[in-house]
2 protein chains.
Amino acid sequence: MADRRQPTLDEVAERAGVSRSAASRVINRAPHVSPAAREAVERAIKELGYLPNRTARALATQQTGIVALAVSHDDPQLFADPFYAQVIVGVSSVLEDTDLHLLLCLASSVRGRSRLTNLLRTRGVDGIMLMAMGAGDPLNQIVGDTGLPAVYGGRPPHVEPQYYVDSDNAGGARLATEHLIGLGRTRIVTIAGLPDSQAGEARHRGYREAMIMAGLTPYGAVEGDFTEAAGAAAMKTLLDRHPDLDGVFAASDNMAAGALRVLSAAGRRVPADVAVVGFDNLGIAQRTEPPLTTVHQSIQALGQEMTRMLIALIAGQDRTPVILPTRLVRRGSA
Amino acid sequence: MADRRQPTLDEVAERAGVSRSAASRVINRAPHVSPAAREAVERAIKELGYLPNRTARALATQQTGIVALAVSHDDPQLFADPFYAQVIVGVSSVLEDTDLHLLLCLASSVRGRSRLTNLLRTRGVDGIMLMAMGAGDPLNQIVGDTGLPAVYGGRPPHVEPQYYVDSDNAGGARLATEHLIGLGRTRIVTIAGLPDSQAGEARHRGYREAMIMAGLTPYGAVEGDFTEAAGAAAMKTLLDRHPDLDGVFAASDNMAAGALRVLSAAGRRVPADVAVVGFDNLGIAQRTEPPLTTVHQSIQALGQEMTRMLIALIAGQDRTPVILPTRLVRRGSA
DNA sequence: CAGATTTCCGGGAGCGCTTCCAGCCAGAAT
DNA sequence: ATTCTGGCTGGAAGCGCTCCCGGAAATCTG
């Protein structure tokens with residue numbers, strides 16, 4: 001553990017017999033350095049095992065080489081949702097080809113959020129990707145204030161951020177509903193998501209649009225918080241209110257799974273009596289009975305696009321929002 | 001977007017009418033500063049909205065205030081396992097009370113790994129937590145070379161790192177097996193994990209120990225890669241070889257779920273004919289038919305303990321490895 | 001009240017890198 | 001031979017902070 005000190009640029013320069021500036025130039029592939037000097041420096045670097053100190057470079061360039069992914073939400077367990085793991089896989093795959101690293105910030109408490117705002121204000125990162133932002137999250141304001149490049153994943157409710165990547169929630173819901181309609185169903189209800197989440201609202205809207213465009217009346221809707229339990233409860237209510245329903249569009253696979261359970265307990269056959277379509281195409285969709293027809297959105301792609309957009313912003317380019325397409329995955333339930 | 005420049009310490013000092021050193025002292029709560037000066041500086045800080053620049057401080061103190069969590073594995077999808085999300089929740093909960101931030105590094109390719117070693121060599125982080133390390137992972141070597149504080153989550157196979165946190169896999173497996181034995185089962189087989197994962201080996205060992213200590217002979221074992229499909233395949237093989245088996249210990253819940261499916265297809269009643277115990281206590285354990293009796297390990301606790309240990313190491317303290325307890329969760333399957 | 005502490009203060013030297021700039025020396029053009 | 005390019009080069013000034021250290025001031029001794 002003795003002297004792990006890394007060699008410095010000065011030492012490299014001295015060994016190569018050039019000035020520090022010259023050495024710096026060859027490291028940064030800057031012009032104005034003779035082949036001889038370049039070679040000498042490169043040899044010195046090799047011999048010394050030199051690597052530029054990240055922090056020093058960051059201070060000089062005003063660039064940290066780090067981007068943050070913030071999941072700001074009151075429930076710390078939210079992050080346990082496989083959704084975020086997929087986002088991260090996508091983000092990482094893009095970052096892998098850059099010199100940027102990923103800082104992960106779960107800001108679920110007041111303390112956590114203040115740490116995050118501190119990080120931004122102290123210029124601890126070059127840019128930030130935000131997810132699961134609530135409506136009144138003060139972070140929105142702060143991110144704006146700092147002027148740091150910021151990309152939203154999904155849109156926070158009631159505001160349209162300048163830069164964001166989102167799935168085509170409304171389009172996906174239309175896809176799902178149209179599929180049910182195509183099956184000849186007419187008494188189609190929806191288990192909607194929370195209306196104060198942008199995705200929930202958009203999926204509900206897509207359902208309504210599809211119904212109306214087909215000349216049908218939206219047949220019934222109950223909201224749930226995207227969980228299996230909520231889906232089950234909603235399904236019970238809907239069966240009560242509309243015993244003759246023949247189609248269900250659930251705004252999440254988890255809710256669809258709960259609905260499936262309730263339908264089966266109520267003696268309805270799926271898809272014969274009631275056809276069901278979910279949303280998300282999570283792993284659970286393959287394990288329900290019957291397997292769930294659902295709307296697929298590529299969450300990795302979401303992560304990738306967010307990252308690409310952020311990198312562009314950091315590089316000073318401008319970008320327009322990106323809406324990612326969704327597609328229907330047909331399985332047994334519809 | 002005009003001039004987002006944050007005020008510097010110099011400006012604070014000037015405004016407060018003191019020297020930069022004095023200002024620095026009040027910020028770092030160092031002694032030797034008069035109440036008057038302190039108050040003046042604090043007012044100036046408030047008025048200017050000053051926050052110390054992270055990078056500059058890092059350069060001066062040689063501490064970045066960032067710790068890394070590295071998941072080094074060839075399969076990028078491995079990270080999608082909810083396991084890691086739980087670890088991260090645990091890690092974050094501890095970091096929340098510190099000034100440290102979390103850098104997440106998915107090193108699944110050669111390029112990814114070299115980025116990671118670079119990060120370490122360039123002193124981009126103050127310490128690192130390593131998970132899912134393969135046996136011959138060059139990272140092991142590099143981490144040792146850099147002399148950076150490093151904590152392992154789980155143990156890599158065939159080596160015993162100096163600092164690690166691990167679940168009591170062998171103990172948990174004993175618990176599970178003893179439970180089956182306590183139920184009167186004697187022809188107990190195991191669906192073991194991969195023997196080149198430390199957890200797989202330990203769980204298999206625990207099973208054997210419990211059997212032998214009870215005077216029983218290990219009745220049969222087939223290895224699987226922890227997935228549901230592998231569990232199903234293994235169960236088929238085991239039923240073939242030992243049609244009279246009456247107990248199954250599966251080294252993961254996913255494998256247990258696969259086994260359950262196969263058993264039911266084969267007409268065996270669970271737990272009447274065959275009792276089944278899993279390991280991990282994942283969400284899936286509650287959704288199998290019947291619900292799965294399994295061994296619970298707190299993955300969040302794993303993340304928390306790793307983080308605490310790393311923080312201690314960074315502070316220059318020494319620590320001994322931590323083995324986290326497991327407990328049996330009794331549900332319907334055994 | 002002189003002398004010995006203690007406390008407080010600011011100057012200045014880093015931390016390791018980038019980058020501006022003025023000076024240099026080829027070789028090309030006149 | 002003289003001027004003019006224009007690619008090299010190294011000195012030096014940062015980036016914003018910490019922290020050592022010598023001196024000034026305030027406090028405590030007897």
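Everything numeric in this text was worked out from a predicted model, so none of it was measured. Each chain gets a letter, A, B and so on, in the order its sequence line appears, and its residues count up from 1.
- A:Arg54 places its CZ atom 13 Å from the P atom of C:dC17, with the value rounded to the nearest Å.
- The backbone N or O of B:Thr98 lies less than 3.5 Å from a partner atom in the side chain of A:Arg115, making a donor-acceptor pair.
- Summary of the strand contacts: A:Ala37 and A:Leu59 both lie near DNA chain D, and taking for each the nucleotide with the nearest heavy atom, the more 5' one is attributed to A:Ala37.
- Counting to the nearest Å, the P atom of D:dC17 and the CD atom of B:Gln63 are 18 Å from each other.
- Here the nucleotide nearest the side chain of A:Arg25, chosen from C:dT18, D:dG10, C:dG12, is D:dG10.
- Between B:Asn53 and D:dC15 there is no side-chain polar atom (N or O) within less than 4.0 angstrom of OP1 or OP2.
- For the pair A:Arg123 CZ and D:dC17 P, the interatomic distance rounds to 13 Å; values are reported in whole Å.
- When each of A:Ser24 and B:Ala22 is assigned the nucleotide of DNA chain C with its nearest heavy atom, B:Ala22 is the one assigned upstream, toward the 5' end.
- B:Asp126 places no side-chain N or O within donor-acceptor distance of the main-chain N or O of B:Val67, the cut-off being under 3.5 Å.
- For B:Ala56 and A:Arg57, each mapped to the nucleotide of DNA chain C holding its nearest heavy atom, the one lying further toward the 5' end belongs to B:Ala56.
- A sub-4.0 Å separation between OP1 or OP2 of D:dC17 and a side-chain N or O of B:Thr55 is absent.
- In terms of modelled atom types and a separation under 3.5 Å, the side chain of A:Thr122 and the main chain of A:Asn118 share a donor-acceptor contact.
- Nucleic acid contact for A:Thr61: sugar-phosphate only, since backbone atoms but no base atoms lie under 4.0 Å from a heavy atom of the residue.
- Among the nucleotides C:dG10, C:dG16, C:dC9, the one closest to the side chain of B:Val18 is C:dG10.
- Nucleotide D:dC17 holds its C1' atom 9 Å from the CG atom of B:Asp10, rounded to whole Å.
- Nearest nucleotide to the A:Ser21 side chain, out of D:dA12, D:dG16, C:dG16: D:dA12.
- Residue A:Tyr152 forms a side-chain contact (heavy atoms from CB on, under 4.5 Å) with just one option from A:Ile128, A:Asp166, A:Val165, A:Asn140, and that option is A:Asn140.
- Of all nucleotides listed (C:dA13, D:dT9, C:dC17), C:dA13 comes nearest to the side chain of B:Arg20.
- Looking at the side chain of B:Ala60, the nearest of the listed nucleotides D:dG7, D:dG14, D:dC17 is D:dC17.
- Across all strands, A:Ala58 comes closer than 4.0 Å to no nucleic acid atom at all (heavy-atom distances).
- Scored by the side-chain hydrogen bond (donor to acceptor under 3.5 Å, both in side chains) test, B:Ser109 finds A:Glu96 as partners (sequence neighbours excluded).
- Counting to the nearest Å, the P atom of D:dC19 and the CG atom of B:Leu9 are 12 Å from each other.
- When the C1' atom of C:dT19 is taken as reference, atom CD1 of A:Ile27 falls 14 Å away, rounded to whole Å.
- Side-chain proximity of B:Gln62 to C:dC9, D:dT18, C:dG16: nearest is C:dG16.
- The NE2 atom of B:His32 sits 15 Å away from the C1' atom of D:dA24 (whole-angstrom rounding).
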